[in-house]
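Before any comments, here is the structure.
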Number of protein chains: 4
Amino acid sequence: MPKDTFFNLPKEKQERIIEAAIDEFSTHPFHQARVTAIAEQAGIAVGSFYQYFEDKMDLYKYLMELLVEKKISYINRDMIENRDKYDFFQLLREAYLSGFRFAKENPRLLPIGMMLTNDKELYQKIYGEHENKGADFFLQLLEYGKAQGAVDPAIDLRIAAKLLTGMSFSLTDFIYEDGKLDLDDMAIIDQMLYFVENGLKKK
Amino acid sequence: MPKDTFFNLPKEKQERIIEAAIDEFSTHPFHQARVTAIAEQAGIAVGSFYQYFEDKMDLYKYLMELLVEKKISYINRDMIENRDKYDFFQLLREAYLSGFRFAKENPRLLPIGMMLTNDKELYQKIYGEHENKGADFFLQLLEYGKAQGAVDPAIDLRIAAKLLTGMSFSLTDFIYEDGKLDLDDMAIIDQMLYFVENGLKKK
Amino acid sequence: MPKDTFFNLPKEKQERIIEAAIDEFSTHPFHQARVTAIAEQAGIAVGSFYQYFEDKMDLYKYLMELLVEKKISYINRDMIENRDKYDFFQLLREAYLSGFRFAKENPRLLPIGMMLTNDKELYQKIYGEHENKGADFFLQLLEYGKAQGAVDPAIDLRIAAKLLTGMSFSLTDFIYEDGKLDLDDMAIIDQMLYFVENGLKKK
Amino acid sequence: MPKDTFFNLPKEKQERIIEAAIDEFSTHPFHQARVTAIAEQAGIAVGSFYQYFEDKMDLYKYLMELLVEKKISYINRDMIENRDKYDFFQLLREAYLSGFRFAKENPRLLPIGMMLTNDKELYQKIYGEHENKGADFFLQLLEYGKAQGAVDPAIDLRIAAKLLTGMSFSLTDFIYEDGKLDLDDMAIIDQMLYFVENGLKKK
DNA sequence: GATGAATGAGGTTTCATTCAT
DNA sequence: AATGAATGAAACCTCATTCAT
C-alpha cells in the first residue's frame with residue numbers, strides 16, 4: 001500500500017505517476033520494469049518515488065488493485081444486484097461485454113494482468129495461494145445456468161468454465177488488433193455468444 | 001542460431017544444455033533467467049556457453065524452434081498429408097488432442113511459450129511482425145470446414161479462430177492442475193469437442 | 001553549536017530532542033544514526049531539525065558537550081575546590097566513584113562515548129588533535145599523589161595513568177551487566193581500590 | 001566465508017585485497033566502509049569483489065578470523081601447552097607481552113577489533129550471544145593463580161578479570177602514540193607488571 | 001518558526017559478456 | 001575447445017539536506 005505521502009499528493013501528480021507506472025509495467029515484465037524510468041516519465045526524483053511507495057512491489061500491487069477496481073466498475077451493477085431477473089445467456093453476454101469494454105478502453109492495462117498471470121512466482125507473492133478467480137467466476141455462472149435449466153446437463157461445468165475463461169482471453173486479443181477486423185464490438189460479442197449458446201444450450 | 005561448436009558437441013552434452021535451459025526459462029521470465037544458472041545446471045563453464053551461443057537470446061530463439069518442432073511432431077502425420085480423407089471435426093479433434101498430449105508430456109515447455117506470448121517486446125525481437133501463428137492455423141482449418149460444409153456459414157471465421165485458440169490455451173491449464181479433475185484425458189477432449197461441435201456445426 | 005532557534009525552544013521540547021538524539025546515537029554509530037529517526041522520535045519535523053542545528057554533526061558535538069558537562073557534575077565539588085584537604089587515594093576513590101555513579105545513572109550515554117573513542121576519523125573531526133582527556137586527568141592526579149608521597153616513585157606515571165584510564169573503562173562494563181554480579185556498587189569500587197592501592201602505594 | 005575463487009587467487013592478489021580491506025575497515029566503521037574503496041585500493045573491479053566474497057559482511061567476518069588467528073599466533077606456544085611449568089605472574093606477563101607485540105606489529109588491526117567491540121549490533125551478527133572472550137581468559141588465569149596461592153584471596157576475581165582486561169586495552173594505546181614515550185616495550189610491560197603484581201599478590 | 005515533500009548523490013549488489021590461459 | 005576469473009554497466013534503495021509553503 002502506498003504511503004500517505006502519495007495520497008496527499010495533488011490528484012494530477014498522482015495520476016502522472018500512475019500513468020508512468022502503467023506505461024512501464026505494460027511494456028516490461030515486473031523485474032524488467034525500472035523504477036528510474038517511472039520516476040523520469042512522471043517527472044519526479046527517484047528519491048520521491050520512495051517517499052510515496054515502500055518499493056517497486058508496493059506500487060505494483062497498488063496498480064493491481066486499481067486494475068481490479070476498474071474492471072469491476074465496468075460490470076453492469078443492476079445485473080449483479082438483481083441477477084434473478086436475467087437469464088443465463090444474458091448474464092454471460094454482459095460478462096463478456098463488460099470485459100470487452102474494459103479491455104477496449106484500457107488497452108494498456110491488459111498486458112500487465114497477462115504478465116502477472118504468467119509469472120507464477122510473482123503471482124504468489126501478490127495473491128498467495130488464491131485460486132484462479134477467472135475460472136471461478138464462470139463456474140458460478142454456469143452453475144446458475146444449469147440450475148435455470150439453460151445449460152445442457154451433459155456438459156462438465158468445470159471444463160466449460162475453463163473454456164469460457166480461455167475465450168474471454170481471446171476476446172482481448174481483438175483489442176490489440178483493433179481495426180483489422182471490420183466488425184463493430186457488438187458484432188464480435190454477438191458472434192461469440194452465437195457460438196457459445198449453441199455450444200452450451202440445452203437441447 | 002547456435003554456433004557450429006554447439007552442433008559439434010556430443011548429443012548427450014547438447015541435451016544437457018537444452019535441458020538446463022528449459023529448466024531455467026520455464027521458471028523465470030527471459031530477463032530473469034540467468035546464463036550462469038544454465039551453465040551450472042548443464043555442468044559447463046560460462047565461457048563455454050558463449051562458444052556455443054551468440055548470447056542468451058540466441059539460445060532462447062533456438063529453444064523456441066525446438067519447441068515448435070516438437071509440438072508439430074505430436075500431430076498425426078497422416079492427417080496432415082491426407083487431409084482430405086478426414087472431416088473437419090475429426091481434424092479439430094486431432095488438433096486439440098495433439099496439443100493436449102504435447103502439453104501433458106512436456107509440461108515444462110508450456111510456461112516458456114506463455115511467458116513469451118506475454119512479453120510483447122521480446123516477442124517482436126524474436127518473430128518480428130509475424131502474425132499469431134495459432135490463430136492462423138485454426139483459421140485455415142475453419143475455412144476448410146466451411147468449404148466442406150461442416151461449419152455454420154453464419155459464423156465469422158476470424159472470430160471463431162480466435163476462440164478456438166483461446167480454448168486451446170485453456171486446455172493446457174488442465175495440465176497444471178493435473179489430478180484435480182476426475183476425468184481422463186480423452187473425456188476432457190470429448191467434452192471440449194461436444195461443446196465446440198454444437199457451437200460450430202451447421203444447423 | 002546549535003542555532004539560537006534551538007535555545008529559544010521551550011525547555012521541554014529541547015529535552016525531547018536531546019533524549020531522542022541520545023536514543024539514536026547510543027544505539028547506532030554516528031554515520032548509521034538517522035536524522036529522520038531523531039526527528040520522528042522527538043516529534044518534530046525533519047525541516048525543524050535543520051532550523052535548530054547546522055547538521056547532524058552539529059547536534060552530535062553538542063551532545064558530547066552535554067555529556068562531558070554532565071559527567072563533571074558528578075564529581076564532588078568540594079574535592080575539586082579543596083583538593084589539598086584530601087589525600088591521593090581519597091581523590092582516586094572519588095574519581096572512580098563519580099565515574100561509576102555517572103555511568104550507572106546514564107547508561108545510554110556510555111556507548112556514545114565508546115563509539116566516538118573508536119572512530120578515529122570522527123574523533124578528529126570533533127576534537128582535532130586533542131590529547132586523550134581521560135589519561136591527562138589521571139596523570140595530574142598521579143603527579144599530585146607522587147608529590148604527596150603517596151605513590152611509589154618507582155612507577156612511571158604516564159603508564160600508570162593509562163592503566164587507571166583503562167580500568168575506569170572496565171568499570172562501566174559492570175553497568176551493562178548489571179545484576180550479574182552479586183556485589184553492591186560500593187563493594188565493586190572497594191575491590192578496585194584495594195587492587196589499585198596495593199599496586200601504587202609507596203612501600 | 002570467502003568463495004573458492006578467492007582462495008584460488010595468487011597469494012599476492014589475496015594479500016592485496018586483504019590489505020585494502022584492512023585499510024578501509026581500520027579507518028571506517030563497518031557500515032561506513034565502502035566496498036568500492038576496497039576494490040579500488042586493491043586494484044580489482046567491483047564485480048570481482050563479489051566473485052570472491054558473498055558480500056561486505058563475508059569479507060569482514062573473514063578478516064575477524066584472520067585477526068584472531070594472528071593474535072593467537074603471538075602467544076608463546078610452550079606456555080599454553082605446559083602451563084604448569086609457569087607461575088601465575090609469568091603467565092600474566094606473557095599474556096600482556098603477546099598482546100603488546102601483536103598490537104605493535106599490527107597496529108592497523110586494533111581499531112577494527114575495537115570498533116567491533118563497540119558496535120553491539122554488529123558484534124551479535126558475527127558472534128551471536130558469545131560472552132566477552134577477553135574477560136573470560138583473564139578470569140581463568142586468575143583462578144589458576146588463586147589455586148596456585150599467588151593471588152590475594154581477598155580479591156574478587158571477576159572484578160580483577162575486568163580490570164586486567166581494561167588494562168590490556170590501555171596497553172594498545174601506547175601503540176598509537178608510539179615514540180611519545182621514551183621507554184622500550186619491555187619497560188612498559190615491566191611497569192605494568194610491577195603495578196599488577198603489587199595489586200594482586202598475596203600478602 | 002514549522003512543516004514535510006523533493007532532491008540526488010552514493011552505496012551495495014547482480015549478471016551478461018569478454019578475456020586470458 | 002574449455003575454463004572461469006574479470007569487468008563494469010545498471011538496478012534498487014537510503015538518507016542528509018534543501019526548498020517551498
Side-chain angles (χ1 to χ4, degrees), chain A residues 3-6 8-10 13 31-39 43-58, chain B residues 3-6 8-10 13 30-40 43-59, chain C residues 3-6 8-10 13 30-40 43-59, chain D residues 3-6 8-10 13 28 31-39 43-59:
Chain A
K3 304 181 187 174
D4 286 346
T5 48
F6 176 71
N8 294 337
L9 250 35
K13 198 170 194 174
H31 290 287
Q32 203 59 14
R34 295 173 323 117
V35 168
T36 309
I38 295 173
I44 63 171
V46 192
S48 299
F49 180 96
Y50 285 92
Q51 273 196 320
Y52 306 149
F53 307 98
E54 219 63 67
D55 52 20
K56 189 163 71 160
M57 180 68 88
D58 188 28
Chain B
K3 303 180 185 171
D4 287 343
T5 48
F6 176 71
N8 294 337
L9 249 34
K13 197 169 193 174
F30 180 78
H31 290 285
Q32 210 58 12
R34 295 174 323 119
V35 169
T36 309
I38 295 173
E40 236 163 50
I44 63 171
V46 194
S48 301
F49 181 97
Y50 283 89
Q51 288 201 306
Y52 307 149
F53 306 99
E54 218 61 69
D55 53 21
K56 187 163 74 159
M57 180 70 87
D58 188 27
L59 164 59
Chain C
K3 303 181 185 172
D4 287 344
T5 48
F6 175 71
N8 293 338
L9 250 34
K13 197 169 195 175
F30 179 78
H31 290 285
Q32 211 57 14
R34 295 174 323 118
V35 169
T36 308
I38 296 173
E40 237 163 49
I44 63 171
V46 194
S48 301
F49 181 96
Y50 283 89
Q51 288 201 308
Y52 306 149
F53 306 98
E54 218 61 68
D55 52 22
K56 187 163 74 157
M57 180 69 86
D58 188 28
L59 164 58
Chain D
K3 304 181 186 172
D4 286 345
T5 49
F6 176 71
N8 293 338
L9 251 33
K13 197 170 195 174
H28 304 87
H31 289 287
Q32 203 59 15
R34 297 175 318 120
V35 168
T36 309
I38 295 173
I44 62 171
V46 194
S48 298
F49 180 96
Y50 284 91
Q51 272 194 321
Y52 306 149
F53 306 98
E54 219 64 67
D55 51 22
K56 190 164 70 160
M57 179 69 88
D58 187 28
L59 165 57

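First the proteins, then the strands, lettered A, B, ... as listed; each starts at 1.
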| Counting a pair only when it is Watson-Crick or G-U and both distances are under 3.5 Å, which runs of at least 3 such pairs involve DNA chain E? | E:2-21 with F:2-21

Provide, to the nearest angstrom, the distance between the [atom1] atom belonging to [X] and the [atom2] atom belonging to [N].
{"X": "C/I38", "N": "E/dG4", "atom1": "CD1", "atom2": "P", "answer": "17 Å"}
{"X": "A/D4", "N": "E/dT3", "atom1": "CG", "atom2": "C1'", "answer": "15 Å"}
{"X": "B/I44", "N": "F/dG4", "atom1": "CD1", "atom2": "C1'", "answer": "12 Å"}
{"X": "C/Q32", "N": "E/dT12", "atom1": "CD", "atom2": "C1'", "answer": "13 Å"}
{"X": "A/F6", "N": "E/dG4", "atom1": "CZ", "atom2": "C1'", "answer": "17 Å"}
{"X": "C/H31", "N": "E/dG11", "atom1": "NE2", "atom2": "C1'", "answer": "14 Å"}
{"X": "A/N8", "N": "E/dG4", "atom1": "CG", "atom2": "P", "answer": "10 Å"}

Any residue meeting side chain to side chain contact (heavy atoms under 4.5 Å, CB included) with [X], in chain and number order, not counting sequence neighbours:
{"X": "B/Q51", "answer": "none"}
{"X": "B/E40", "answer": "B/T36"}
{"X": "C/A45", "answer": "C/S48"}

| request: Between A/R34 and C/A37, just flag the one whose closest nucleotide in DNA chain F comes earlier from the 5' side. | output: A/R34

| field | Heavy-atom closest contact (D/H31 atom, D/K56 atom, distance) | value | O-NZ, 3.7 Å

| query | Looking at OH of C/Y52 and NZ of C/K3, how far apart are the two atoms once the value is rounded to the nearest 0.5 Å? | reply | 11.0 Å

| task | Mind listing the residues from residues 48-59 of chain B sitting with a heavy atom below 4.0 Å of DNA chain E? Number order is fine. | result | B/Y50, B/D55, B/K56

| field | Within-4.5 Å side-chain heavy-atom neighbours: C/V35 and C/Y50 | value | yes

| query | Closest nucleotide of DNA chain E for C/V46 versus for D/A33: which of these residues is on the 5' side? | reply | C/V46

| note | Residues passing the ring-ring contact (aromatic ring centres under 6.0 Å, His included) test with D/F49, sequence neighbours excluded, are D/F53

| request: Classify the nucleic acid contact of A/V35 as base, sugar-phosphate or nothing, counting any heavy atom under 4.0 Å across all strands shown. | output: sugar-phosphate

| query | Under 3.5 Å, is there a donor-acceptor pair between the side chain of C/K13 and the main chain of C/I44? | reply | no

| message | With a cut-off of less than 4.0 Å, is there a side-chain N or O of D/T36 near OP1 or OP2 of E/dG10? | response | no

| E/dA2 phosphate, OP1 or OP2: any side-chain N/O from C/K13 under 4.0 angstrom? | yes

